[in-house]
Amino acid sequence: MKRTLIAEIGTNEAILTVCGWVQDIRILKNLSFLVLRDESGVCQVTVKNLEKPFDVASLNRESVILVDGMLVPQSQSKTGKEILASRITLLNAAKVPLPLAPFDKVQADLDTRLNNRFLDLRNPRISSIFRLKSSILWGIRNFLMQNGFVEVQTPKIVASATEGGANLFNVKYFEDEAYLSQSPQLYKEILISAGVGRVFEVGPAFRAEKHNTVIHLNEFTSVDIEMAFADAEDAMRMLEGVVDSAIQNILEANRKELEILGIDLKRQPLPYPRVEFSECLKILGDAGIKHDPEEDLTPEDLRVIAGRYSGFYFITKWPASVRPFYTMPDHENPEFTNSFDLQYQEKEITSGAQRVHDPAMLRSRFASKGLNPEDFDFYLKAFEYGMPPHSGWGLGLERLAMILLGLKNIRECAIFPRDRTRLKP
Ligand code: AMO
């Protein structure tokens, strides 16, 4: 279909065709006004003398129409763009009442919005979130490609757990039992043995976590990297570059969306602060909170620590007891590991580490975590024939988007979220 995007009205022809959704209708005595919307913006359609009669009064909001008409130069309309219609064609009528009115002054509750996501997304405030998320990912990809990474796709139907057995979704795989992948961890490491050097993946990760929080989804987008001949510091530097590139990209490409959402985003100078886990325990101690050095930090602990750091910072050198089997112990102090989390205030955005590359050490790590090495035979094999030292991380894309866009619930950043009670749409 030949059409002019609303954003481009006035830049080319005076006689044009625009298509879109009817956002508003105002009927006067000898004259009607429509507000027409497409993906690029809104314009006013003035209906006076049509070549072929069309009953504007019978039109429902959010119906899809095609308008042939003439540009009105120096329009006085609120939208700044106006077309005097010569012909209106109804392409598809919307039913009444709408299950969600996307332009109501009072926003519907999140559940109603998600149940009617196709209508919710018609509001540019909502669709801007996903334009920005797409741009964040482009900034990430661009930075990784410039730094010699190759993008891969690894299987999402898998035979073993990587991030702890409790959070697995089971899948019936013909005669076998399989799982939905929690993380591409094992595969990205195998690719390091394969000599790829630097590898990344953007893909879904599945976690059967039962708790319902504003930072957890049961399916999220994991951005994963792995680098050969690299230590944890190398991986952290790559991560800072990635986050900064994502911010830079939206600042350059998405002024309009940032304005629609009222976001005042700034780059944070590099490097981001690094705080060792033991230092976190001191901060907690100063606040009168006793913490077992072998236990993970609780959300409450993280809130206290976040009081000392605004913005992004790393927590490094986590205890071995709280990190997965593949994490490299610290050479001098093996109860701790060469690991890190990137935090934004109290929220974790990324986990990463230097990995164990020695197969004998890996076997003993399996034993200490109560795991059966036979379940990981295909993974261990890749370590027996020349595995370089390597490091990497996994970043939750929806968490990063949520933080950069200042949103309170991660579900706002998943176009069709999956949570404990939501399997549709
Ligand atoms: P981890 O399990 O910490 O590490 O996950 C990495 C990052 O993924 C995001 N994330 C989630 N986002 C939304 N909902 C969830 N349920 C959820 N779970 C995790 C977070 C988190 O920081 N294999 C390691 C990574 C590595 O070491 O390379 C891993 O998966 O932002």
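Counting begins at 1 with the first residue of the sequence. Order of appearance sets the numbers: ligands from 1, and atoms from 1 within every ligand. Given the structure is predicted, the values throughout are model-derived calculations rather than measurements.
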Test item, Asp341 contacting ligand 1 (heavy atom, 4.0 angstrom): no
Do the side-chain N and O atoms of Glu257 and Ser128 include a donor-acceptor pair separated by under 3.5 angstrom? no
Counting from 1 in the order shown, the ligand 1 atoms closer than 4.0 Å to a non-hydrogen atom of Ser183 are 23 (N), 30 (O)
So, Ser135 versus Asn254: side-chain donor-acceptor pair below 3.5 Å or not? yes
Ring centre gap for Tyr187 and Phe378 strictly below 6.0 Å: yes
In terms of ring plane angle, is the pair Phe277 and Phe336 parallel, tilted or perpendicular, where the classes change at 30° and 60°? tilted
Judged on heavy-atom distance to atom 24 (C) of ligand 1, which of Phe220, Tyr326, Phe206 sits nearest? Tyr326
For ligand 1, note which part of Leu400 has a heavy atom under 4.0 Å away: side chain, backbone, both or neither. neither
Say whether Asn409 and Arg411, considering side chains only, have a donor N or O and an acceptor N or O under 3.5 Å apart. yes
Can a non-hydrogen atom of Gly352 be found less than 4.0 Å from any atom of ligand 1? yes
May I ask you to decide if the ring planes of Tyr379 and Phe366 are parallel, tilted or perpendicular, using 30° and 60° as cut-offs? perpendicular
For atom 30 (O) of ligand 1, what is the closest protein heavy atom, and at what distance to 0.1 Å? Arg207 NH2, 3.0 Å
Side chain, backbone, both or neither: which applies to Arg399 and ligand 1 if a contact is any heavy-atom pair less than 4.0 Å apart? side chain
Would you say the ring centroid of Tyr309 lies under 6.0 angstrom from that of Tyr272? no
Pick, from Arg355, Glu348, Glu226, the option with the minimum heavy-atom distance to atom 27 (O) of ligand 1. Arg355
Touching ligand 1 at all, Leu342? Heavy atoms, strictly under 4.0 Å? no
Suppose we measure from atom 16 (N) of ligand 1 to each protein heavy atom; which comes out shortest, and what is that distance? Glu209 OE1, 2.7 Å
For Thr350, the ligand 1 atoms whose distance to one of its heavy atoms is below 4.0 Å: 22 (O)
